[in-house]
Amino acid sequence: MMRGFVLGIVALSVFSTEACKTNGKVQSSMKTTVFGKLPDGREVHQYTLSNGAGMTAQIINYGATITSLTVPDRNGKVADVVLGYDTIDGYVNGTAYLGAIVGRYGNRIGKGQFQLDGKQYQLAVNDGENHLHGGKTGFNKVLWEAILPDSSSQSSVQLRYVSRDGEEGYPGTVTLKVTYTLTDKNELRVDYEGTADRPTILNPTQHSYFNLSGAFGNTILDHLLMIDADSITPVDKGLIPTGQVASVEKTPMDFRTPMAIGAHIDDQDEQLAFGRGYDHNWVLKGAPGQVRKVAELYDAASGRMMSVLTDQPGLQFYSGNFLDGTVIGKNGIAYQHRTALCLETQAFPDTPNKPQFPSVTLRPGQTYRQTTIYQFSTR
Ligand code: BGC
């Protein structure tokens, strides 16, 4: 699926492709536009993927960020279902990781410290005493290189970032490629491929905030969520896993059958208190390395349904607890408490300090891979 990509070094007008009609059917397309300029003058481009089946995805090469995702409801009415900003300044100044690829390490590493092959490393600390989402200037705050499809009918774009040795304290140079593809089955597919020139750790994820109603005045508390997991990795008050694996049975964490997110979010529960709601890693059923359905999110009012498929061992479900109305998003809307949620497919938080968790070590000669698919349908 990586075949057929060419470096996007030609003039903008050349690599814009319009949706074209074949036998009366609208085909998929990819269009490039200028999104804005960074404070240092570099241009940020936006790639609009259309699948010809009612969905569009917009992605910018700053942070490899999804800026919009429009999805039909049960009556065919299309709405944008992800949080974002209208302008590049929002993404440059924002602190909520809206829509971005986060890394090198998605989620937290305790005190930003770990050992690898007997050597001690100190990462940037940016969340109390801990390291979160790659540090002060993570993958969400850098300009990626775009590699465009060579065929006008491919609704995909590949973004590439080379993270230098020592960046945010991480050892080794890492090259990460993230390919977004909008399929004609209303799926947004995200394929990751990473390599390193020295032993290091790599655990990137996608940090889109979803609200399937498309109306960001609503919370996500009435969305129904299913997570195919029998257990979570409980955390301490700094949201660092204790190292244990705890059953979801008879707890507010039991999403094995669809449950309204608001049903138990305010229960008296130590884990919910630490997270100020849901902000935990679920230990997904099924074999890591194999793409399987791990979660389903449903909004009854619009009929929109999103299934999440991944080959990752864990899913961080974050219920937007830190949104507090101070982030002003697209169309001037203030994003209030729990107006959207993240479903972040990844390895478990703090794995470098928890040898019992599935490894995140990447060595020269190995290739990190992740495939995650957000599949949309209606009911
Ligand atoms: C984390 C939250 C954090 C949020 C930042 C989530 O992935 O789990 O704890 O506050 O990202 O926006």
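Bear in mind that the values here come from a model prediction, so they are computed numbers and not experimental data. Counting starts at 1 for both ligands and their atoms, following the listed order.
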Backbone, side chain, both or neither: what part of Tyr278 comes under 4.0 angstrom of ligand 1, heavy atoms only? neither

To the nearest 0.5 Å, tell me how far Asn218 CG sits from Ser213 OG. 4.0 Å

Can you name the atoms of ligand 1, numbered from 1 with element, that are less than 4.0 Å from a heavy atom of Tyr209? 12 (O)

Go through ligand 1 atom by atom and flag the ones less than 4.0 Å from a non-hydrogen atom of Asp279. 1 (C), 2 (C), 8 (O), 9 (O)

Check Asn107 against ligand 1 and report side chain, backbone, both or neither, counting heavy atoms closer than 4.0 Å. side chain

Please determine, by modelled atom types, if His131 and Tyr170 share a side-chain donor-acceptor pair under 3.5 angstrom. yes

To which of Arg276, His280, Arg108, His207 does the heavy atom nearest atom 11 (O) of ligand 1 belong? His207

As an exercise, identify every atom of ligand 1 less than 4.0 angstrom from a heavy atom of Phe322. 9 (O), 10 (O)

Is Arg379 close enough and on-axis enough to Tyr298, meaning under 6.0 Å and within 45°, for cation-pi? yes

Atoms of ligand 1 close to Ala96 [distance to a heavy atom under 4.0 angstrom, numbered from 1]: 12 (O)

Side chains of His280 and Gln271: is there a donor and an acceptor less than 3.5 Å apart? yes

Heavy-atom side-chain contact between Pro349 and Asn203 under 4.5 Å: no

Go through the steps to decide whether Tyr62 and Tyr91 satisfy the test ring pair (Phe, Tyr, Trp, His ring centres under 6.0 Å), and finish with yes or no. CA-CA 8 Å; Tyr62 184 75; Tyr91 291 99; 7.4 Å; no

Test applied, ring pair (Phe, Tyr, Trp, His ring centres under 6.0 Å); reference residue, His133; option that passes from Phe139, Tyr97, Tyr105, Tyr318: Tyr97

Using a 3.5 Å cut-off on N or O atoms only, is Tyr97 in polar contact with ligand 1? no

Any nitrogen or oxygen of Leu239, main chain or side chain, under 3.5 Å from a nitrogen or oxygen of ligand 1? no

